[in-house]
Amino acid sequence: MKIEHIGIAVKSLDQSDTLFARLLGKENYKQESVAREGVTTSFYEVGDCKVELLEATNPESPIAKFLDKKGEGVHHIAFGVENIYSEIERLKKEGFIFISEEPKDGADNKLVVFLHPKSTNGVLVELCQEKG
């Protein structure tokens with residue numbers, strides 16, 4: 001398991017892309033929409049890790065609700081795993097609660113699943129596996 005990326009909820013992807021390009025000294029390598037989640041993402045490589053900026057595309061999306069409740073900021077931390085299905089089983093046996101136990105297609109060519117923050121000290125945790 002490794003830190004794959006840190007997700008940051010933003011109000012404006014255009015403004016935040018400008019800010020993060022200046023901060024990191026490089027442009028994003030990818031921008032992608034995930035219609036099912038109502039989000040557009042922008043990815044930056046930072047060493048062996050990534051930063052994912054997330055902008056809501058509709059007022060009912062999880063990111064829109066997060067922004068309404070907490071404002072801009074760190075939304076989740078994602079851990080890259082070799083086998084998402086075995087990690088789900090292992091973590092369920094350890095007593096962790098999942099938002100959904102079935103992995104879904106996510107951004108950046110990943111299968112993703114989220115653990116509920118009430119079982120992870122208030123932090124939304126994503127597991128992600130590169131799709132074959």
How about Glu101 and Lys92: do any of their side-chain heavy atoms sit closer than 4.5 Å? yes
Are Asp105 and Arg36 close enough for a salt bridge, meaning some N to O gap below 4.0 Å? no
If I compare all heavy atoms of Ser119 with all of Ile97, which pair ends up nearest, and what's the gap? OG-N, 3.2 Å
Could you tell me if the side chain of Ile77 sits less than 4.5 Å from the side chain of Glu126, heavy atoms only? no
Is the shortest side-chain N to carboxylate O distance from Lys110 to Glu4 below 4.0 Å? yes
Under a 3.5 Å distance rule, please check whether Thr18 uses its side chain to pair with a backbone N or O of Asp14 as donor and acceptor. yes
In terms of relative ring orientation, are Phe114 and His76 parallel, tilted or perpendicular, with 30° and 60° separating the classes? perpendicular
Under a 4.0 Å N-O cut-off, is there an ion pair linking Lys50 with Asp108? yes
Residues, nucleotides or ligands: over 12 heavy atoms within 6.0 Å of Asp48 CG: no
Between the OG atom in Ser86 and the CD atom in Gln129, the distance rounded to the nearest 0.5 Å is 8.0 Å
Do Lys30 and Ser42 have side chains that approach each other closer than 4.5 Å (heavy atoms only, starting at C-beta)? no
Hydrophobic cluster identity match, Phe43 and Val74, side-chain contacts under 4.5 Å: no
Test your reading of the model: is there a side-chain donor-acceptor pair from Ser61 to the backbone of Gly38, 3.5 Å cut-off? yes
Please check if Leu124 and Phe96 belong to a single hydrophobic cluster, counting links between Ile, Leu, Val, Met, Phe, Trp and Tyr side chain heavy atoms closer than 4.5 Å. no
If I compare all heavy atoms of Pro59 with all of Ala64, which pair ends up nearest, and what's the gap? O-CB, 3.5 Å
Does the side chain of Asn28 reach to within under 4.5 Å of the side chain of Phe20, using non-hydrogen atoms? no
Hey, any chance Leu111 and Leu115 share a hydrophobic cluster, counting ILVMFWY side chains that come within less than 4.5 Å of each other, even indirectly? yes
Taking atom types as modelled, find out whether Gln31 and Asp17 have a side-chain donor-acceptor pair closer than 3.5 angstrom. yes
Qualifying residues under side-chain contact (heavy atoms from CB on, under 4.5 Å), relative to Ser33, sequence neighbours excluded: Thr40
Report yes if some heavy atom in the side chain of Val51 is under 4.5 Å from a heavy atom in the side chain of Leu53; otherwise report no. yes
Do you know the tightest heavy-atom contact between Val112 and Cys128? CG1-CB, 3.9 Å
Just wondering, more than 12 heavy atoms not from Lys70 lying within 6.0 Å of its NZ? no
Do Glu55 side-chain atoms and Leu13 backbone N/O form a donor-acceptor pair below 3.5 Å? yes
Glu87 versus Leu127, closest heavy-atom pair with distance: CB-CD1, 4.0 Å
Ser16 backbone acceptor or donor facing Lys11 side chain under 3.5 Å: no
What is the distance from atom CD of Glu130 to atom CD1 of Ile84, rounded to the nearest 0.5 Å? 11.5 Å
Nearest heavy atoms of Glu52 and Thr41, plus distance in Å: OE2-CG2, 3.2 Å
Take Phe98 and Leu91 through the test side chain to side chain contact (heavy atoms under 4.5 Å, CB included) and record every step on the way to the result. CA-CA 9 Å; Phe98 286 80; Leu91 293 170; 3.9 Å; yes
Are any of the side-chain heavy atoms of Val46 and Leu24 separated by less than 4.5 Å? yes
With a sphere of 6.0 Å drawn around CG of Asn83, does it hold more than 12 non-hydrogen atoms of other residues, nucleotides or ligands? yes
Stepwise, does the side chain to side chain contact (heavy atoms under 4.5 Å, CB included) test hold for Ile3 with Phe79? CA-CA 5 Å; Ile3 295 176; Phe79 294 101; 3.8 Å; yes
Test of understanding: clusters of I, L, V, M, F, W, Y form through side-chain heavy atoms closer than 4.5 Å, transitively. Do Leu19 and Ile63 belong to the same one? no
Decide yes or no on side chain to side chain contact (heavy atoms under 4.5 Å, CB included) for Val10 and Ile8, but give the supporting numbers first. CA-CA 6 Å; Val10 302; Ile8 300 172; 4.1 Å; yes
What pair of heavy atoms forms the shortest contact from Pro103 to Val113, and how long is it? CA-CB, 4.3 Å
If you define the side chain from C-beta out and look only at heavy atoms, does anything of Thr57 sit under 4.5 Å from Val39? no
Do other residues, nucleotides or ligands put more than 12 heavy atoms under 6.0 Å from Glu32 CD? yes
Given side chains that start at C-beta, do those of Leu23 and Tyr44 come closer than 4.5 Å, heavy atoms only? no
